[in-house]
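Structure first, commentary second.
Each chain gets a letter, A, B and so on, in the order its sequence line appears, and its residues count up from 1. Fair warning: this is a prediction, and the values are worked out from it, not measured in the lab.
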Amino acid sequence: MDIRFKSIKGMNDILPPESNIWINLEHLLREHFFMAGFREIRTPILEYFELFVRGIGEGTDIVEKEMYSFKDKDGEMITLRPEGTAPVVRAIIEHNFLKHDGICRFFYLGPMFRYERPQKGRLRQFHQFGAEVFGIQDGSIDGELIFLGVSLLNKLGVQERDFITKVNSLGCIECRKGFRESLVVFLNKSKDSFCDDCKRRILTNPLRVLDCKNDSCRALTQDAPCTVDYLCEGCSKHFDEVKRALKCFEIKYEIDSRLVRGLDYYSRTTFEIQITNNLLGSQNTVIAGGRYNSLFKDFVGEDYPAIGFAGGIERLLEVIDKKLIEPKEKLRVSFMSDLASFDVRDVLVVQKLREAGIEVEVDLATKSYKSKFKRADRNQSTFAIIKGEDEKKGGYYTVKDLRLSINSEDKQFRIKPEELCNEILRRKEIEWS
RNA sequence: GUGAGUGUAGCUCAACUGGUCAGAGCACCGGACUGUGGCUCCGGUUGUUGGGGGUUCGAGUCCCCUCACUCACCCCA
């Protein structure tokens, strides 16, 4: 067979049985957030280009080269969302949620798009979940939100020893000015020794030099100034609150002064949960977030308390204990018949079974009953219900319990249509040894 | 955008330095089993060896181009 069409690079099909795992993971994520008082928000996948330029930052890689943007038929530039925070903020402002209730907790779940070279833990269409809290200024909520992320990993069976929580504070715009100046001075002292990327970063985005993975650059920035040393009184107090909250929640964490984050809107707290057991290769961050009070400035002209995080579902799937989200075994039944024997009364019986929570596959194909049985077996059906020529004449169904060995007496029996459903339900409870 | 690796039946993989090498297992279909599965046995189907070009008497095997996938850099969830 020649394959004429393939999926777009970095955009994968999620097929059974894998899709069942997704359904269950999504369900578990929703439960996790609901139980913490969050409500789901679903924003469109397309937004105006400008939203992300303003929201994420003009100089960022995401905006500069990774967005799927195109002109709509009316000439408007629109973009496939590359992340979830900006759309959520847009939505709650647009619908005046904050005027109605100053404190809101939301979560979202869905596909995001970035034009990148795919590799392990990185796709062009990928899926993120995220949580955002609006209206709470003090550091306790930062700690609580980090706890929400950590406890999610716990719930999903990720071992305590396999991840690390890193926390930092970038300070507000004011603190960052001072820090930035000192950092640039420090970096310029040895600017010729940095890698080419870092030389460029010193000019464009000096904070990112701290983030460089290059060992020699890391060594050079060993004694670089730390953001936390430049915090103003307010930011410093806030960071203390965060640390106190983390202690209350008994979260193990380390302060990482290199944690600067790539998106422009962050201020004060930033955090990241990284997987340390190498299951994710180099894309080892599963959950990351931070405070972004100043994002609101771009949208409504003034700051508003806001903090959130996002997590990658594909990355999560690589590291979690799949047993915890494996689909539950359902009672499955194969209804075997053929077009000469099957009629509307059988349809009603099938519907009744399905309403009783039994999964019924109807097999009317013009094939041998032998092949229908084979298929039932492959499907792991518990029962086969047969409505063939004989059953039609006699007005009954033949039921076969497929769990039993071939010479068992009770294996196959006839039953009246009106008794079928209850009998199936009754027999499913019987455990044959 | 840069670099490295891989590309053989639906799946997992064989085929020594180019010479019956186009194969095995699983899967699938059929039969043994007169509408009745699993186990066993028997039989059968499947590929333009990713695509194109070149070297050669001869290429899955060597060379070039191209495409796809994977990993890494970059960046990020």
Please determine if a side-chain N or O atom of [X] lies less than 4.0 Å away from the OP1 or OP2 oxygen of [N].
X        : N     : answer
A:Ser282 : B:A72 : yes
A:Lys9   : B:C69 : yes
A:Arg378 : B:C29 : yes
A:Gln119 : B:U70 : no

[N]: pairing nucleotide in any strand, Watson-Crick or G-U under 3.5 angstrom:
N     : answer
B:A59 : none
B:U20 : none
B:C28 : B:G44
B:A14 : none
B:A77 : none
B:A72 : B:U2

Please report the distance separating the [atom1] of [N] from the corresponding atom of [M], rounded so that it comes out in whole Å.
N     : M     : atom1 : value
B:C57 : B:G51 : P     : 25 Å
B:G60 : B:C21 : C1'   : 9 Å
B:G53 : B:A59 : P     : 13 Å
B:U49 : B:U61 : C1'   : 10 Å
B:U17 : B:G7  : P     : 14 Å
B:G25 : B:C41 : P     : 12 Å
B:G18 : B:G54 : C1'   : 15 Å
B:A9  : B:G50 : P     : 7 Å

Rounded off to whole Å, could you give me the [atom1]-to-[atom2] distance for the [X] and [N] pair?
X        : N     : atom1 : atom2 : value
A:Leu210 : B:C76 : CG    : P     : 13 Å
A:Asn379 : B:C28 : CG    : P     : 11 Å
A:Ile62  : B:A77 : CD1   : C1'   : 9 Å
A:Glu116 : B:C74 : CD    : C1'   : 9 Å
A:Met67  : B:C76 : CE    : P     : 14 Å
A:Lys370 : B:U34 : NZ    : P     : 8 Å
A:Lys367 : B:U36 : NZ    : P     : 14 Å
A:Asp61  : B:C76 : CG    : P     : 6 Å

Can you tell me which nucleotide in [options] comes closest to the side chain of [X]?
X        : options             : answer
A:Thr285 : B:A77, B:G1, B:G35  : B:A77
A:Asp377 : B:A77, B:G38, B:U2  : B:G38
A:Lys374 : B:G38, B:A77, B:A72 : B:G38
A:Asp390 : B:A68, B:A72, B:G35 : B:G35
A:Glu391 : B:U2, B:C76, B:G35  : B:G35
A:Phe373 : B:A77, B:U36, B:A72 : B:U36
A:Arg117 : B:G35, B:A72, B:C76 : B:A72

Around A:Arg90, counting heavy atoms of other residues, nucleotides and ligands shown, do more than 12 lie under 6.0 Å from its CZ?
yes

Looking at A:Arg354, I want to see if its CZ is surrounded by more than 12 non-hydrogen atoms of other residues, nucleotides or ligands under 6.0 Å.
yes

Any side-chain to backbone donor/acceptor pair from A:Arg124 onto A:Glu116? Under 3.5 Å, distance only.
yes

Check this for me: does the side-chain of A:Lys400 come within 3.5 Å of the base of B:U36 through a donor and an acceptor?
yes

Side-chain donor or acceptor of A:Arg122 under 3.5 Å from a matching atom on the base of B:C71?
no

Between A:Thr269, A:Thr270, A:Asp142, which is the residue that forms a side chain to side chain donor-acceptor pair (under 3.5 Å) with A:Arg291?
A:Asp142

Only one of A:Asn168, A:Thr221, A:Thr227 clears side chain to side chain donor-acceptor pair (under 3.5 Å) with A:Arg258; which?
A:Thr221

Between A:Gly281 and A:Glu66, just flag the one whose closest nucleotide in RNA chain B comes earlier from the 5' side.
A:Gly281

If you assign each of A:Ser7 and A:Arg315 to its closest nucleotide in RNA chain B, which residue comes earlier from the 5' end?
A:Ser7

Classify [X] by what it touches in the nucleic acid, base, sugar-phosphate, or nothing, heavy-atom distance under 4.0 Å.
X        : result
A:Ile386 : base
A:Ile385 : nothing
A:Ala376 : nothing

For A:Asn24 and A:Glu326, the nearest pair of non-hydrogen atoms, with its separation, is ND2-C, 3.7 Å

Check whether NZ of the Lys or CZ of the Arg A:Arg81 lies under 6.0 Å from the centre of the six-membered ring of A:Phe113 and within 45 degrees of that ring's axis.
no

Distance under 6.0 Å and angle within 45° of ring axis: A:Lys400 vs A:Phe413:
no

